[in-house]
2 protein chains.
Amino acid sequence: MNSYTPSSPRGRFFSGLLHRSCLLLIVAVILLLFSSGTAMAQEKTKMVRLAKLVIDPAQLDSYKAALKEEIETSVHVEPGVLTLYAVAEKNNPTHITILEIYADAEAYKAHVQTPHFLKYKELTKEMVKSLELVEADPLVPGIKIK
Amino acid sequence: MNSYTPSSPRGRFFSGLLHRSCLLLIVAVILLLFSSGTAMAQEKTKMVRLAKLVIDPAQLDSYKAALKEEIETSVHVEPGVLTLYAVAEKNNPTHITILEIYADAEAYKAHVQTPHFLKYKELTKEMVKSLELVEADPLVPGIKIK
């Protein structure tokens, strides 16, 4: 028994407790750093884009139905599709903008190969008059929709 | 005692239990209908808009700092500001688009009278070269950002 080991049973008990508490604290700090690091890394790898579309007015209802189905399926079944928030301009209802947020480039690559995305592309290819894809940087990447 | 009242104590116990269960079920259904009605009403009253801005390149960093502060404060302190998701185009960093979602028109009216919004407007009035406010209809109003 060296000089640093408490000699009484009570002393050994508290010393053990202290060591265990320290160990738990260290593990907690490491986990906290790791998780915040992961969250920060996720913010950095996010892929954000504005899709700006103009739709054939005669096919607007069909187009919107196809897009709605594609959005609902993608957001529901693909964890990496963080949102597809689509809006139609009130004064130009054929002008659609979609805020697309993917967890990372891999999530996007997987998305465009899914059956529901391919079905949407096939269904709507004659409905879309123009499509502009604008890569973007979010100003407050962690923001949500309440 | 009429003919519909169970005569044994056991019968009365189960009859009472049944009545209570029915009552609870009715209350639950009413609450459910009410809450889904409220949710649907909230979806209908939402105000959604795209703000499209072009910023003076020489003041871009100052503008982004002011906008970031305004967004974080608004989303934090105003329950009716559902999101202010701002992006800068990668190829045209002075072109900013903000997806603005408010719970209703009242929430928006209150927002533009807050000290943090008025401060942002005052700070940035010489930085914004153009501002277009485009009222919009969301295609899937209930969608969130994961």
Side-chain angles (χ1 to χ4, degrees), chain A residues 42-43 46-53 55 60-61 63-103 107 132-146, chain B residues 42-43 46-53 55 60-61 63-103 107 132-146:
Chain A
Q42 277 173 347
E43 292 306 340
K46 263 187 197 167
M47 184 181 151
V48 179
R49 197 163 75 173
L50 294 175
K52 301 178 185 184
L53 302 99
I55 309 303
L60 185 57
D61 287 344
Y63 173 77
K64 282 163 86 173
L67 178 59
K68 191 171 186 280
E69 188 186 322
E70 194 269 332
I71 286 174
E72 286 174 341
T73 307
S74 303
V75 169
H76 187 65
V77 306
E78 295 180 74
V81 176
L82 303 188
T83 204
L84 293 169
Y85 198 96
V87 298
E89 299 185 6
K90 276 191 196 283
N91 291 338
N92 288 300
T94 58
H95 289 232
I96 309 273
T97 301
I98 312 170
L99 170 66
E100 307 181 357
I101 311 179
Y102 306 96
E132 189 191 356
L133 297 172
V134 182
E135 303 299 321
D137 289 312
L139 197 69
V140 187
I143 213 166
K144 304 283 185 200
I145 298 173
K146 288 179 204 163
Chain B
Q42 278 174 347
E43 291 305 341
K46 262 185 197 169
M47 184 180 152
V48 179
R49 196 161 77 173
L50 294 175
K52 301 178 185 183
L53 302 98
I55 309 304
L60 186 57
D61 286 344
Y63 174 77
K64 283 163 84 173
L67 178 60
K68 192 170 186 278
E69 188 186 323
E70 194 271 330
I71 287 174
E72 287 175 339
T73 306
S74 303
V75 169
H76 187 64
V77 306
E78 295 181 74
V81 176
L82 303 188
T83 205
L84 294 169
Y85 198 97
V87 298
E89 298 186 6
K90 275 191 196 285
N91 291 338
N92 288 301
T94 58
H95 289 234
I96 308 272
T97 300
I98 312 170
L99 169 66
E100 307 181 357
I101 312 180
Y102 306 96
E132 189 191 357
L133 298 173
V134 182
E135 302 298 322
D137 289 311
L139 197 70
V140 187
I143 212 165
K144 304 283 185 200
I145 298 174
K146 288 180 206 164

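Letters go in sequence order (proteins before strands), and every chain restarts at 1. Computation of the quantities below employed the complete heavy-atom set of this structure, encompassing side-chain atoms and omitting hydrogens, waters and symmetry-equivalent molecules.
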Identify, with sequence neighbours excluded, every residue that meets side chain to side chain donor-acceptor pair (under 3.5 Å) alongside A/Glu69.
A/Lys119

Can you find a heavy atom in the side chain of A/Tyr85 that is under 4.5 Å from one in the side chain of B/Val48?
yes

Where do A/Pro138 and B/Val87 come nearest, in terms of heavy atoms and distance?
CA-CG1, 4.0 Å

When heavy-atom pairs shorter than 4.5 Å are enumerated against chain B, which of A/Ile71, A/Leu139, A/Val75 gives the highest number?
A/Leu139

Max heavy-atom pairs within cutoff under 4.5 Å with chain B, candidates A/Ile101, A/Leu84, A/Leu67, goes to A/Ile101

Check for a donor-acceptor pair, side chain of B/Lys146 on one end and backbone N or O of A/Val81 on the other, with a separation under 3.5 Å.
yes

Quick check for you: to the nearest 0.5 Å, what is the distance between B/Ile145 atom CD1 and A/Ile143 atom CD1?
7.5 Å

Please classify the contact between A/Val134 and chain B as side chain, backbone, both or neither, with a heavy-atom cut-off of under 4.5 Å.
side chain

Spell out the residues in residues 90-100 of chain B that have some non-hydrogen atom less than 4.5 Å away from a non-hydrogen atom of chain A, in order of number; otherwise answer 'none'.
B/Lys90, B/Thr97, B/Leu99

